[in-house]
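Okay, so here's the structure we're looking at.
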Amino acid sequence: AARPLRAWSSVPPTMSASSPPPAASPQTVRSQAQERAELALATLAGGEAAPPEQQAEAIKALAEAGDVDQCLKLLRGLRRTGCAPTLESYGHVVTAFSRAGRPRDADRWMRRVVQPELGKRVLERSAAPKLEEFNRVLSAYAAAGQPREAMETMRSMVRDNGVTPDLVSFNCLIAAHAAAGAPGRAAAWLQRAAEWGVRPDVVSYTTVIGGFARAAQPAKATEVLAQMGEAGVTPNVHSYSAVVE
């Protein structure tokens, strides 16, 4: 049976007395974010340098407005004054790229800046970093294509902390040089690993071959493939595909 109709109250039928107010439109949200960003910039425009905390708040407001250029400008300003930006500030730049409709740049910034910075600070806060912690940082630098930072981490690992690198450590060094467009230096780390008593594996050689492939040096790629066989390491489909490339 049909339910009896109830009389309407003073509240329209599409809303109850406890219904939340309608959400703001995207245009309104963007406008409010822009207003906050402009206010933050105006606050920083005084004669004296604003404290780092205030600049960090400005970076956050600019990020929400999608103002990438101003975010990066403030970050560079912090670095010039010797103030290390917070991890949150680095993360806000990812937000800025995303809000600006640049997801690839957001991903690149996360991979090349945020993750290595996070790893570095984890090491700094650790009283006695272990091999796994160093390898995580080395892996971040490898993905970012930052061989100089990777080598500095390796030196700190061995010289300052007495931690012996393993195969993962050397593979990260190899990958960092290959990603940075220096396959010759990546190949040199194959020998360095052997000097430390670490036997390069199929990943080590294939990474070097891939580096020469990207550098359009087929003769070098083929030479490393031959060295791989001489060392008793069996190539896989990725090794051959890199040579074909």
Side-chain angles (χ1 to χ4, degrees), residues 68 72 75 90 93-94 96-98 100-120 123 131-158 165-245:
V68 177
L72 295 176
L75 274 178
Y90 284 113
V93 177
V94 177
F97 279 121
S98 299
R102 297 164 59 180
R104 290 186 179 180
D105 288 326
D107 178 71
R108 188 179 299 111
W109 182 268
M110 176 65 76
R111 188 176 65 253
R112 293 182 61 85
V113 179
V114 177
Q115 292 176 348
E117 186 69 22
L118 175 61
K120 183 179 71 174
L123 285 182
L131 174 63
E132 293 76 11
E133 293 174 301
F134 279 108
N135 281 346
R136 277 196 291 270
V137 177
L138 289 171
S139 178
Y141 285 133
Q146 297 177 356
R148 182 175 63 84
E149 291 80 357
M151 288 191 295
E152 288 176 357
T153 301
M154 180 78 93
R155 278 194 289 268
S156 173
M157 174 181 176
V158 175
D166 63 359
L167 177 60
V168 174
S169 312
F170 283 103
N171 279 350
C172 289
L173 265 294
I174 292 169
H177 282 93
R185 293 190 175 185
W189 279 98
L190 293 172
Q191 180 62 33
R192 293 285 298 277
E195 292 171 359
W196 277 78
V198 176
R199 184 172 182 263
D201 63 356
V202 63
V203 173
S204 316
Y205 285 99
T206 301
T207 302
V208 175
I209 294 170
F212 282 121
R214 288 189 294 275
Q217 297 184 40
K220 289 288 188 181
T222 306
E223 181 181 329
V224 175
L225 183 68
Q227 293 173 1
M228 190 176 181
E230 293 169 1
V233 179
T234 304
N236 60 19
V237 64
H238 301 292
S239 313
Y240 289 113
S241 296
V243 176
V244 171
E245 182 185 345

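Worth saying up front: this structure is predicted, and the values here are computed from it rather than measured. Throughout, numbering of the chain's residues begins at 1 and tracks the sequence. The basis for the numbers below is simple: all heavy atoms, side chains too, and nothing from hydrogens, waters or symmetry mates.
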* With rounding to the nearest 0.5 Å, note down the distance linking CG in Leu72 to CZ in Phe97. => 5.0 Å
* Give, for atom CD of Glu245 and atom CZ of Phe212, the distance between the pair rounded to the nearest 0.5 Å. => 14.0 Å
Does a side-chain heavy-atom distance below 4.5 Å link [X] with [Y]?
| X | Y | answer |
| --- | --- | --- |
| Thr207 | Asn171 | no |
| Leu131 | Met157 | yes |
| Thr222 | Val243 | yes |
| Leu190 | Ser204 | yes |
| Cys172 | Tyr141 | no |
| His177 | Met151 | yes |
| Pro147 | Arg185 | no |

How far apart are the closest heavy atoms of [X] and [Y], and which atoms are they?
| X | Y | result |
| --- | --- | --- |
| Ala193 | Pro200 | CB-CG, 4.4 Å |
| Arg214 | Ala179 | NH2-N, 4.1 Å |
| Ala178 | Ala186 | N-CB, 3.9 Å |
| Val202 | Ser239 | CG2-OG, 3.9 Å |
| Val198 | Pro165 | CG2-O, 4.2 Å |

* To do: Examine distances only and state if a side-chain atom of Ser139 and a backbone atom of Asn135 form a donor-acceptor pair shorter than 3.5 Å.
  => no
* Asked: With distance as the sole test, does Arg199 use its side chain to make a donor-acceptor pair with the main-chain N or O of Ala231 at under 3.5 Å?
  -> yes
* To do: Please step through side-chain contact (heavy atoms from CB on, under 4.5 Å) for the pair Leu225 and Tyr240, ending with a clear verdict.
  => CA-CA 8 Å; Leu225 183 68; Tyr240 289 113; 4.0 Å; yes
* Derivation and outcome, salt bridge (Lys or Arg N to Asp or Glu O under 4.0 Å), residues Arg148 and Glu152 -> CA-CA 6 Å; Arg148 182 175 63 84; Glu152 288 176 357; 3.1 Å; yes
* To do: Decide yes or no on side-chain contact (heavy atoms from CB on, under 4.5 Å) for Thr206 and Met228, but give the supporting numbers first.
  => CA-CA 9 Å; Thr206 301; Met228 190 176 181; 4.0 Å; yes
